[in-house]
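To start, the structure itself, in structure tokens.
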Amino acid sequence: KDEITTIVVFGASGDLAKKKTFPALFHLYKSALLPPHTRIFGYARSDLSRSEYEARITANIGKSDKERACIPGFLNICSYIRGQYDRDDDFLTLRREIEAKEDVMLNDAACDSSVAATSNSSSSGLSIDSSCRAGRNKRVFYLALPPSQFVSVARQIKNNVYDPKHYNRLVIEKPFGHDLESSSHLCQEIGTLFPESEVYRIDHYLGKEMVKNILVLRFANVFFQAVWNKEHISNVQIVFKEPFGTEGRGGYFEGVGIIRDVIQNHLLQVMSIVAMETPNSLDSEDIRDRKTEVLRHIKPVELDQVLLGQYTASKDGSKPGYKDDDGVPKDSNTPTFAQMVLHIDNERWRGVPWVIKAGKALDAAKVLVRIQFKEKSGNVFPDLARNELVVQVSPKEAVYMKTLVKEPGLSTNLTLSELDMTYQSRFEGISIPDAYSTLILDVLNGDHSNFVRADELEEAWRIFTPLLHRIERENVQPQPYAYGSRGPEGADEFAQLRAGYKMPEI
Ligand code: BG6
């Protein structure tokens with residue numbers, strides 16, 4: 001479509017923009033997925049020359065010849081504006097720049113259509129969609145900023161740049177607050193400036209291929225639908241393991257901890273998709289309604305449901321402990337590992353333990369969801385092992401089903417094998433897009449399904465805030481575990497005890 005689209009990346013000189021936002025925008029550009037009339041503005045306080053700006057935004061792109069060939073075209077649509085985050089004049093300048101470029105794009109689009117009209121007299125000749133003809137351009141304001149700047153920048157946009165005659169979309173990165181109160185406050189402030197329908201809160205896990213796939217697996221396959229409940233599922237495990245520590249991010253992580261960093265957001269989002277009821281439709285509000293409903297049925301987590309850990313140096317001393325990281329006080333009690341057992345108190349899930357395990361500096365790089373089925377009923381065959389469905393989010397996207405089969409040959413023994421759909425072998429040659437590309441495309445399409453709604457966020461904080469406050473108030477000591485290990489000693493036993501269920505090692 002010949003839409004007139006402007007994307008403004010605030011915080012354009014920062015790390016997030018360099019590592020994620022611009023590479024994602026480039027990926028869309030290279031794949032011809034950005035609307036043809038698109039302009040990207042980087043906005044930041046740094047005094048960057050054009051070449052410095054270009055060096056930053058291309059720092060993480062151009063790995064292949066094909067990619068490198070697209071860089072000049074991409075740079076052509078990128079501009080940089082230096083400005084403060086709270087100064088009216090700077091935002092008025094931004095507005096003027098946006099409008100000037102929109103005029104140019106509109107002319108280009110008009111030319112394109114008249115060329116199309118002359119070359120094909122049977123067509124209407126107008127490829128500009130009706131919204132653009134009516135002067136409704138798309139403006140995406142992407143806040144790749146620290147949370148302390150969210151409100152100030154949103155207010156500046158609203159006061160000085162926002163034009164209700166266009167489509168305005170405000171994209172915000174996590175963290176959305178620090179606890180229930182701060183998050184509600186933030187939502188309220190943003191809510192006075194932008195309606196919820198214009199706000200896109202990014203949780204990049206929602207843009208991951210396998211997380212998006214959960215909905216399809218569940219609701220497009222009749223056999224999963226039939227067994228997706230407490231009658232057939234004994235427990236669900238959601239595991240996040242990183243093989244590296246905070247490595248220089250300790251200053252940030254110290255005020256956050258593993259629960260806020262990945263559990264309250266990424267893993268809880270995954271859990272709500274695995275657990276949700278069938279949505280009325282694939283409409284984003286129907287999906288978000290169902291996810292929020294699940295969260296409403298989870299009680300706030302108690303301290304005795306949780307095992308906390310903090311990594312120390314590796315056994316051979318080659319890797320540092322968390323407290324050796326810059327910005328981490330020597331007496332820090334910030335958890336870098338947490339394992340907990342949650343319950344969803346509704347008809348579908350009552351009694352099924354949900355084990356969440358997340359940690360930094362562990363023995364593997366792995367994010368997965370394991371759905372363990374109950375022992376089969378009837379006893380024609382001996383109980384050797386349970387069926388298990390595994391959705392591996394990373395590093396290698398896969399879905400596999402642990403299934404009992406007869407050992408091949410003359411043996412009558414059973415063996416546990418896998419119905420395996422590892423994406424790399426099943427869909428040879430495909431490249432799976434980065435979560436950010438998917439999410440930015442969703443923003444351009446006005447699709448909210450993979451973004452966190454305000455009430456959903458509030459529920460997520462409600463579940464964890466009392467626990468987080470108690471950990472901080474009582475200065476709860478995490479258990480040490482060595483860098484590169486499986487986590488604190490006794491973590492498996494703890495999960496089994498809390499779940500009341502013997503589970504395999506996770
Ligand atoms: C981020 C956390 O939100 O997610 C990081 O702040 C974590 O600490 C990262 O490493 C994990 O994301 P991914 O996409 O690498 O699994």
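Just so you know, ligand 1 is whichever comes first in the structure, and atom 1 is the first atom listed for that ligand.
The salt bridge (Lys or Arg N to Asp or Glu O under 4.0 Å) test with Glu277 singles out one residue from Arg290, Arg296, Arg348, Arg218, and that residue is Arg348.
When only non-hydrogen protein atoms are considered, atom 12 (O) of ligand 1 lies nearest to His204 NE2, 3.1 Å. Here the protein heavy atom with the shortest distance to atom 2 (C) of ligand 1 is Asp261 OD1, 3.3 Å. Scanning the protein for heavy atoms near atom 16 (O) of ligand 1, the closest one is Tyr205 OH, 2.5 Å.
Counting non-hydrogen atoms of neighbouring residues, nucleotides and ligands closer than 6.0 angstrom, the CD atom of Glu181 reaches no more than 12 such neighbours.
Side-chain atoms of Gln310 and Tyr481 include no donor-acceptor pair closer than 3.5 Å.
If you look at His297 and His343, their ring centroids are not closer than 6.0 Å.
Atoms of ligand 1 lying under 4.0 Å from any heavy atom of Lys360, numbered from 1 in the order shown and given with element: 5 (C), 7 (C), 8 (O), 10 (O). Remark: ligand 1 atoms within the under-4.0 Å shell around heavy atoms of His266 are 1 (C), 3 (O), 4 (O). Within ligand 1, counting atoms from 1 as listed, the ones closer than 4.0 Å to a heavy atom of Lys174 are 1 (C), 2 (C), 3 (O), 6 (O).
Ligand 1 has an N or O atom lying under 3.5 Å from an N or O atom of Glu242, backbone or side chain.
We find that Glu285 and Arg453 are joined by a salt bridge, their nearest charged nitrogen and carboxylate oxygen being less than 4.0 Å apart.
For the ligand labelled ligand 1, residue Val367 lies outside the 4.0 Å heavy-atom shell.
For the pair Lys158 and Tyr162, the cation-pi test (distance below 6.0 Å, angle within 45°) is passed.
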